Novice: 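To start, I am sharing the structure in question, which I have written as structure tokens.
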Amino acid sequence: MASLSLKHIYKKYPGGVTAVSDFCLEIKDKEFLILVGPSGCGKTTTLRMIAGLEEITEGEMFIGDKLVNDVAPKDRDIAMVFQNYALYPHMTVFDNMAFGLKLRKTPKEEIKRRVEEAARILEITHLLDRKPKALSGGQKQRVALGRAIVRKPMVFLLDEPLSNLDAKLRATMRTELTKIHQRIATTFVYVTHDQTEAMTMATRIVVMKDGLIQQVDTPQNLYDYPVNLFVAGFIGTPQMNFIECVLEEEKGQYFLSFGPNTIKLPAEKANNPILKDYVNQEVIMGIRPEDIHDEERYINAMPDSIVETDVEVTELMGAEIYLYLVSEEQNMVARVSSRSKARAGDVIRVAFDASRIHLFDKDTEQFIIH
């Protein structure tokens with residue numbers, strides 16, 4: 001088992017393209033760390049540098065206490081699982097899983113023991129005699145994982161391993177991967193652009209944009225305390241609503257106004273001295289869809305944060321409804337109970353839970369208060 005340490009890592013390509021900039025991260029032993037971000041943000045490049053498949057331009061990388069900048073991939077004691085599975089079509093599942101061990105001249109009995117143990121963990125014992133063409137996508141994914149598990153590497157690297165699966169199977173495999181991580185207790189470094197995967201599986205998440213780390217934290221802290229607009233908008237489905245408004249102050253109380261709408265900040269937020277610097281300035285209010293309510297009991301309980309909106313579209317999601325609203329040319333989404341009577345074309349009042357509001361600086365996009 002091993003920790004990883006990445007110190008001021010850069011990846012620069014010819015022509016002045018910098019894919020990863022000043023990447024600093026300590027990955028703990030047995031951690032399930034997920035790199036997440038939009039396409040082209042540098043997450044896969046970072047994973048490939050950990051694997052040794054890409055050279056590091058600047059910086060130092062340690063696996064455990066060993067500097068591995070110039071260590072060949074085969075000598076790093078890591079195993080990588082790719083999104084295309086990369087199984088040998090002419091070999092059985094057993095031989096696919098055993099292939100790496102045979103190359104290392106592992107004794108036959110040891111190979112058999114390790115493959116059967118991995119197959120049992122992955123619940124694919126009944127597939128060992130089949131060839132890849134006879135397997136489903138989820139079964140191929142388990143075989144690819146099994147091939148990595150039998151090597152007992154110090155670090156698992158997974159590059160979007162679920163992206164080729166359908167939505168239902170992806171959800172199942174998320175749960176399975178979490179169980180596998182718990183069973184084999186090894187360090188996992190996982191790359192995805194799907195923030196649902198990141199939120200459900202990771203012990204910590206690294207959010208990346210344009211080759212730079214934006215924030216590293218637990219899933220819950222990323223959701224509740226995003227450091228900037230990008231993280232706030234990237235984490236959460238539907239994404240956080242962003243509303244341009246002006247911060248006003250009257251007799252020591254603070255209000256957010258857009259058009260005729262005024263929302264009073266509760267005392268626990270208004271007590272923050274930083275707000276004085278933003279009085280009469282435009283700021284960006286962030287509020288999650290689940291913190292906008294259309295039920296009467298909320299509207300009656302929150303008279304200082306009522307907004308009149310037009311309902312443009314409603315989406316029934318089963319247990320809940322997404323209301324797509326507009327007020328003063330500001331679009332927003334509310335996530336409300338499936339009992340909601342709101343319909344497209346209605347004009348309704350909604351209550352913002354002001355205790356859950358985030359404020360961001362309009363120019364720097366950094367958070368002001370949570």
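In this text, all values refer to a predicted model and were calculated from it rather than measured experimentally.
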Novice: So do L323 and I348 actually touch side chain to side chain, heavy atoms under 4.5 Å?
Specialist: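 Counting from C-beta outward, I348 and L323 do come under 4.5 Å.
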Novice: N96 side chain to T92 main-chain N or O, any donor-acceptor pair under 3.5 Å?
Specialist: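 A pair under 3.5 Å: yes.
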Novice: If you draw a 6.0 Å radius around CZ in R174, do more than 12 non-hydrogen atoms from other residues or ligands fall strictly inside?
Specialist: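 Check passes, neighbour count above 12.
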Novice: Looking only at atom types and distance, does a side-chain atom of R335 sit under 3.5 Å from a main-chain N or O of I292, one as donor and one as acceptor?
Specialist: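 Pair absent, no side-chain N/O of R335 close to backbone of I292.
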Novice: Quick check against the 3.5 Å criterion: does K269 have a side-chain atom that pairs as donor or acceptor with the backbone of S355?
Specialist: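 Pair found, side chain donor or acceptor close to backbone of S355.
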Novice: If you count every heavy atom of other residues, nucleotides or ligands that lies below 6.0 Å from E308 atom CD, does the total exceed 12?
Specialist: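 Open: at most 12 neighbouring heavy atoms sit under 6.0 Å from CD of E308.
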Novice: Taking T196 for the side chain and D194 for the main chain, is one N or O donor matched with an acceptor at less than 3.5 Å?
Specialist: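 No.
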Novice: Group every Ile, Leu, Val, Met, Phe, Trp and Tyr by side-chain heavy-atom contacts under 4.5 Å, then state whether I321 and Y298 land in the same group.
Specialist: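 In one cluster: no.
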Novice: For residues P89 and P132, report the shortest heavy-atom separation together with the two atoms involved.
Specialist: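 Closest heavy-atom pair between P89 and P132: O-CD, 3.7 Å.
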Novice: I'd like to know if the side chain of K133 reaches the main chain of H90, judged simply by a donor and an acceptor atom lying under 3.5 Å from each other, with no hydrogens or angles considered.
Specialist: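 No: the side chain of K133 does not pair with the backbone of H90.
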Novice: Calculate, to the nearest 0.5 Å, the distance between atoms CD1 and CZ belonging to I263 and F255 respectively.
Specialist: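 Answer for the CD1-CZ pair, I263 versus F255, is 11.5 Å.
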Novice: Output yes when a side-chain donor or acceptor of E320 lies under 3.5 Å from a complementary backbone atom of M317, and no otherwise.
Specialist: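 Absent.
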Novice: Is it true that V313 and L316 fall in one hydrophobic cluster, defined by side-chain heavy atoms closer than 4.5 Å?
Specialist: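 Different clusters: V313 never reaches L316 through Ile, Leu, Val, Met, Phe, Trp or Tyr contacts under 4.5 Å.
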Novice: State, yes or no, whether a side-chain contact exists between E315 and Y324 at a heavy-atom distance under 4.5 Å.
Specialist: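 Answer yes - side chains close enough.
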Novice: Rounded to the nearest 0.5 Å, how far apart are CG of L53 and CE of M80?
Specialist: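 Separation between the atoms: 5.5 Å.
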Novice: Is there a chain of hydrophobic side chains (I, L, V, M, F, W, Y, each step under 4.5 Å between heavy atoms) that links F367 to V283?
Specialist: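 No, because F367 and V283 fall into different hydrophobic clusters, even though each may have its own neighbours under 4.5 Å.
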Novice: Between L128 and M97, is any pair of side-chain heavy atoms under 4.5 Å apart?
Specialist: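 Yes - at least one pair of side-chain heavy atoms lies under 4.5 Å apart.
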Novice: Check this for me, if you would: do E110 and R113 make a salt bridge, where the nitrogen-to-carboxylate-oxygen distance has to be below 4.0 angstrom?
Specialist: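 Yes.
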Novice: So, do I63 and D77 sit near enough that their side-chain heavy atoms are less than 4.5 Å apart?
Specialist: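 Of all side-chain heavy-atom pairs linking D77 with I63, none is under 4.5 Å.
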Novice: Taking only residues two or more places apart in sequence, or in another chain, which ones meet F99 in a ring-ring contact (aromatic ring centres under 6.0 Å, His included)?
Specialist: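 Residues passing ring-ring contact (aromatic ring centres under 6.0 Å, His included) with F99: Y88.
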Novice: So which pairs with a foot in residues 105-125 pass ring pair (Phe, Tyr, Trp, His ring centres under 6.0 Å), sequence neighbours left out?
Specialist: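 Sorted result for residues 105-125: empty, none.
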Novice: For the pair H181 and F32, name the ring-plane relationship: parallel under 30°, tilted 30 to 60°, perpendicular over 60°.
Specialist: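 Taking F32 first and then H181, their aromatic rings stand perpendicular (interplane angle over 60°).
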Novice: Anything under 30° is parallel, anything over 60° is perpendicular, the rest tilted; go ahead and classify F234 against F230.
Specialist: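 If you compare the ring of F234 with that of F230, the planes turn out parallel.
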Novice: Run the side chain to side chain contact (heavy atoms under 4.5 Å, CB included) test on I369 and I274 for me, step by step, so that the C-alpha distance in whole Å, both residues' side-chain angles and the decisive distance to 0.1 Å come before the verdict.
Specialist: CA-CA 8 Å; I369 59 168; I274 196 171; 4.0 Å; yes
Novice: Please check this pair: side chain of Q330 against backbone of E244, looking for a donor-acceptor N/O pair closer than 3.5 Å.
Specialist: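 Yes; judged by distance alone, with no hydrogens or angles, the pair exists.
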Novice: Give a yes or no on whether a salt bridge exists between D346 and K341, defined as a side-chain N under 4.0 angstrom from a carboxylate O.
Specialist: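 Looking at D346 and K341, the cut-off is not met.
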Novice: Just verifying a value: how many Å separate D294 CG and T309 OG1, rounded to the nearest 0.5 Å?
Specialist: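 Answer rounded to 0.5 Å: 9.0 Å.
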Novice: Okay, side chain of R76, backbone of V71: is any donor-acceptor separation there less than 3.5 Å?
Specialist: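 A pair under 3.5 Å: yes.
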Novice: Distance check, rounded to the nearest 0.5 Å: I284 atom CD1 versus L247 atom CG?
Specialist: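 It comes to 13.0 Å.
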Novice: Within a strict 4.5 Å, meaning less than it, do heavy atoms of the L177 and L162 side chains meet?
Specialist: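 Yes, their side chains come closer than 4.5 Å.
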Novice: Would you say E60 and S5 make side-chain contact, with heavy atoms under 4.5 Å?
Specialist: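 Side chain of E60 against side chain of S5, heavy atoms only: no contact under 4.5 Å found.
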Novice: Strictly below 4.0 Å, N to O, side chains only: are R288 and E290 in salt-bridge contact?
Specialist: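 Looking at E290 together with R288, the answer is no, because their closest N to O distance does not fall below 4.0 Å.
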Novice: Salt bridge check, E176 against K179: does any charged N sit closer than 4.0 Å to a carboxylate O?
Specialist: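 Salt bridge: yes.
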Novice: Counting neighbours of CG on D129 that are heavy atoms of other residues, nucleotides or ligands and sit closer than 6.0 Å, is the number greater than 12?
Specialist: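 12 or below, so no.
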Novice: Do L25 and I50 land in one hydrophobic cluster if side-chain heavy atoms of ILVMFWY residues count as linked below 4.5 Å?
Specialist: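 Yes; I50 is reachable from L25 via cluster members.
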Novice: Does N272 use its side chain to pair, donor to acceptor, with the backbone of L275 at less than 3.5 Å?
Specialist: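 No, the answer is negative, given that no donor and acceptor are paired below the 3.5 Å cut-off.
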Novice: Show the numbers, then the answer: is there a side chain to side chain contact (heavy atoms under 4.5 Å, CB included) between I180 and I149?
Specialist: CA-CA 10 Å; I180 290 162; I149 288 170; 3.9 Å; yes
Novice: Would you indicate whether K74, at its atom NZ, is surrounded by more than 12 heavy atoms from other residues, nucleotides or ligands within a distance under 6.0 Å?
Specialist: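 Not buried by this count: 12 neighbours or fewer within 6.0 Å.
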Novice: Over all heavy atoms of both residues, which pair between I34 and M201 is shortest? Give the atoms and the distance, please.
Specialist: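 Closest approach of I34 to M201, heavy atoms only: CD1-CB, 4.0 Å.
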Novice: Determine which pairs satisfy ring pair (Phe, Tyr, Trp, His ring centres under 6.0 Å) with at least one residue from residues 149-172, sequence neighbours left out, and list them in order.
Specialist: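 Non-adjacent pairs meeting ring pair (Phe, Tyr, Trp, His ring centres under 6.0 Å): F156-F188.
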Novice: Same hydrophobic cluster for L158 and I124, using side-chain heavy-atom links shorter than 4.5 Å among ILVMFWY?
Specialist: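 Per the 4.5 Å side-chain linkage, L158 and I124 are co-clustered.
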Novice: Is it true that T237 and Q195 share a donor-acceptor pair across their side chains at a distance under 3.5 Å?
Specialist: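 Side chains of Q195 and T237: pair found under 3.5 Å.
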Novice: If you count the non-hydrogen atoms of other residues, nucleotides and ligands that lie under 6.0 Å from CD in E329, is the total more than 12?
Specialist: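 Result for CD/E329: open.
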Novice: Of all residues at least two apart in sequence or in a different chain, which pass the side-chain hydrogen bond (donor to acceptor under 3.5 Å, both in side chains) check with K131?
Specialist: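 Testing K131 for side-chain hydrogen bond (donor to acceptor under 3.5 Å, both in side chains), a comparison that skips the adjacent residues, returns none.
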Novice: Which atom names give the shortest non-hydrogen contact between F360 and A232, and what distance separates them?
Specialist: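 Closest approach of F360 to A232: CZ-CB, 3.7 Å.
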Novice: Shortest non-hydrogen contact from P219 to A198?
Specialist: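 Nearest pair, atom of P219 first, then A198: CG-O, 4.3 Å.
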Novice: Has N241 got a side-chain atom pairing as donor or acceptor with V333's backbone, closer than 3.5 angstrom?
Specialist: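 Answer holds: yes.
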Novice: Kindly compute the distance separating CD (E117) from OG1 (T125), expressed to the nearest 0.5 Å.
Specialist: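 Going from the CD atom of E117 to the OG1 atom of T125 covers 11.0 Å.
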Novice: Side chains of residues 208-217: which donor-acceptor pairs under 3.5 Å do they make with residues two or more places apart or in other chains?
Specialist:
unit_1: Q214; atom_1: OE1; unit_2: N228; atom_2: ND2; d: 3.0
unit_1: Q215; atom_1: OE1; unit_2: V227; atom_2: N; d: 2.9
unit_1: Q215; atom_1: NE2; unit_2: Y225; atom_2: O; d: 3.1
unit_1: D217; atom_1: OD1; unit_2: N221; atom_2: ND2; d: 3.1

Novice: Any donor-acceptor pair under 3.5 Å linking the side-chain atoms of E31 with those of T187?
Specialist: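 Distance-only check fails for T187 and E31.
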Novice: Side-chain contact test, heavy atoms from C-beta onward, threshold under 4.5 Å: evaluate it for K11 versus R48 and give yes or no.
Specialist: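 Of all side-chain heavy-atom pairs linking R48 with K11, none is under 4.5 Å.
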Novice: Using every non-hydrogen atom in the two residues, find where P161 and Y190 come nearest and quote the distance to one decimal.
Specialist: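 That closest heavy-atom pairing would be CG-CE1, 3.4 Å.
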Novice: Is the shortest side-chain heavy-atom distance between K66 and M154 below 4.5 Å?
Specialist: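 K66 vs M154: side chains apart.
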Novice: Is D65 atom CG crowded by more than 12 heavy atoms from other residues, nucleotides or ligands, each under 6.0 Å away?
Specialist: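 Atom CG in D65 is not crowded, with 12 or fewer foreign heavy atoms closer than 6.0 Å.
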Novice: Charged N to carboxylate O under 4.0 angstrom, E58 versus K12?
Specialist: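 Yes, E58 and K12 are salt-bridged.
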Novice: Please report the shortest heavy-atom distance between C245 and M285, naming the atom on each side.
Specialist: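 The pair with the smallest heavy-atom distance is SG-CB, 3.7 Å.
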Novice: Does CD in Q366 sit with more than 12 non-hydrogen atoms of other residues, nucleotides or ligands closer than 6.0 Å?
Specialist: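 Counting neighbours around CD of Q366, more than 12 heavy atoms of other residues, nucleotides or ligands fall under 6.0 Å, so yes.
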Novice: Listed by chain and number, what are the ring-ring contact (aromatic ring centres under 6.0 Å, His included) partners of H8, not counting sequence neighbours?
Specialist: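 Result, ring-ring contact (aromatic ring centres under 6.0 Å, His included) vs H8: none returned.
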Novice: Could you measure the distance from the CZ atom of R204 to the CD atom of E26? Nearest 0.5 Å is fine.
Specialist: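 Nearest 0.5 Å value for the CZ-CD distance: 8.5 Å.
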